[in-house]
Amino acid sequence: MLDALLLRLHTETACRCAGALALRRMDLDPDQGLVRIREKGETLRWQPISLDLAAHLVDHAGHRGAVAPADQLLRYRDGRPLTSRRYDHLWKRIGDRLPWVAAQGISTHWLRHTTLTWVERNFGYGIARAYAGHTDKTGPATTTYIKADLQAVATALAALTGQPHPLATSLEDLGIRT
């Protein structure tokens, strides 16, 4: 169950492992379908997640002892907070059962890359940058002008998951059929 939750979290958010491990109970807004992600370079962003994933994260936190606002959200069955070792074991187990995963070097970073590539191909570079949490501090000058808001990221997520999101533009309004 925890492994599936991690895979879904990374697929929906394209967050890095450190971002997932840094999640606290107070970083989850299940009503708006948002999670606050803190990652490298001290970036901080609210990232849309499906309401279904939000509900599963709330359930996980409650059953695993993350009840105080500052408690680390992701936890082992015995209530201990997750560490990066969980990812090592996860990909080792998956690779043992699916040799092509090990052979191709599939990892959490691969999930991030795949999600962001899908967003870029379907919604454009600016939305993919926002989805990734990339800042405008570095890069070509044109990145200063290419921006996407939370609504655009939520719309991309809704298309990715096939689930409506409270902050998203209607996919039908965009001519996207689910």
If you apply the rule side chain to side chain contact (heavy atoms under 4.5 Å, CB included), what do you find for T83 with L21, and how did you get there? CA-CA 7 Å; T83 68; L21 293 173; 5.7 Å; no
Pair S50, E12 - check side-chain hydrogen bond (donor to acceptor under 3.5 Å, both in side chains), show working. CA-CA 8 Å; S50 67; E12 285 194 21; 2.9 Å; yes
Verdict with supporting geometry, R45 and E39, salt bridge (charged side-chain N to carboxylate O under 4.0 Å, His left out): CA-CA 9 Å; R45 74 180 185 280; E39 290 185 314; 2.8 Å; yes
Tell me, with the steps shown, if R36 and D29 meet salt bridge (charged side-chain N to carboxylate O under 4.0 Å, His left out). CA-CA 8 Å; R36 184 173 35 210; D29 181 346; over 6 Å; no
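With values rounded to the nearest 0.5 angstrom, L2 atom CG is found 12.0 Å from R75 atom CZ. Within the model, atoms CG of D96 and CH2 of W91 stand 13.0 Å from one another, a figure rounded to the nearest 0.5 Å. Rounded to the nearest 0.5 angstrom, K92 NZ and D88 CG are separated by 11.5 Å. Rounding to the nearest 0.5 Å places CD1 of I94 at 10.0 Å from CD1 of I106. Going from atom CZ of R16 over to atom CG of L111 covers 14.0 Å, rounded to the nearest 0.5 Å.
Panel note: side chain T155, backbone T169; a donor-acceptor pair is recorded below 3.5 Å. A donor-acceptor pair is defined here as one N or O able to donate and one able to accept, closer than 3.5 Å; no such pair exists between the side chain of H113 and the backbone of H109. Under the 3.5 Å distance criterion, the side-chain polar atoms of R25 are left unmatched by any main-chain donor or acceptor of P69. Using a distance-only test at 3.5 Å, with no hydrogens or angles considered, no donor-acceptor pair links the side chain of H165 to the main chain of P48. Under a 3.5 Å cut-off, the side chain of T43 and the backbone N or O of K40 do form a donor-acceptor pair. Using a distance-only test at 3.5 Å, with no hydrogens or angles considered, a donor-acceptor pair links the side chain of D71 to the main chain of V67.
Using a 4.5 Å cut-off between side-chain heavy atoms of Ile, Leu, Val, Met, Phe, Trp and Tyr, L150 falls into a hydrophobic cluster with L34, W46, L167.
A salt bridge between D52 and R8 is present, with a side-chain N of the basic residue lying under 4.0 Å from a carboxylate O of the acidic one. One finds a salt bridge joining R24 and D27 here, because a Lys/Arg side-chain nitrogen approaches an Asp/Glu carboxylate oxygen to under 4.0 Å.
Following chains of ILVMFWY side-chain contacts shorter than 4.5 Å, one cannot reach W110 starting from L116, and the two form parts of different hydrophobic clusters. At a threshold of 4.5 Å between side-chain heavy atoms, the hydrophobic network of Ile, Leu, Val, Met, Phe, Trp and Tyr places V58 and M26 in two separate groups.
In this structure, the side chains of T13 and I37 come closer than 4.5 Å at one or more pairs of heavy atoms. Looking at heavy atoms from C-beta onward, Y125 lies out of side-chain contact with V119 at the 4.5 angstrom threshold. With a 4.5 Å cut-off on side-chain heavy atoms, Y131 and E120 do not count as touching. With a 4.5 Å cut-off on side-chain heavy atoms, W118 and F123 count as touching. Looking at heavy atoms from C-beta onward, L51 lies in side-chain contact with P166 at the 4.5 angstrom threshold. When side chains are defined from C-beta on, L23 does not count as touching L28, because their heavy atoms never get closer than 4.5 Å.
Between A20 and L74 the shortest heavy-atom distance is O-CD1, 3.4 Å. Of all the heavy atoms in L9 and C15, the pair that sits closest is CG-SG, 4.5 Å. A pairwise comparison of heavy atoms in T115 and T11 identifies OG1-O, 2.8 Å as the closest pair. Between A156 and I127, the shortest heavy-atom distance links the atoms CB-CG2, 4.1 Å. Taking both residues in full, the closest heavy atoms of R77 and R64 are given as N-NH1, 3.1 Å, listed atom of the first, atom of the second, then distance. Shown here for A168 and A158, the closest heavy-atom pair between the two residues is CB-CB, 4.2 Å.
Using bins of under 30°, 30° to 60° and over 60° for the plane-to-plane angle, the ring pair H10/Y87 lands in the perpendicular bin.
Counting non-hydrogen atoms of other residues, nucleotides and ligands closer than 6.0 Å to NE2 of H60 gives a total above 12.
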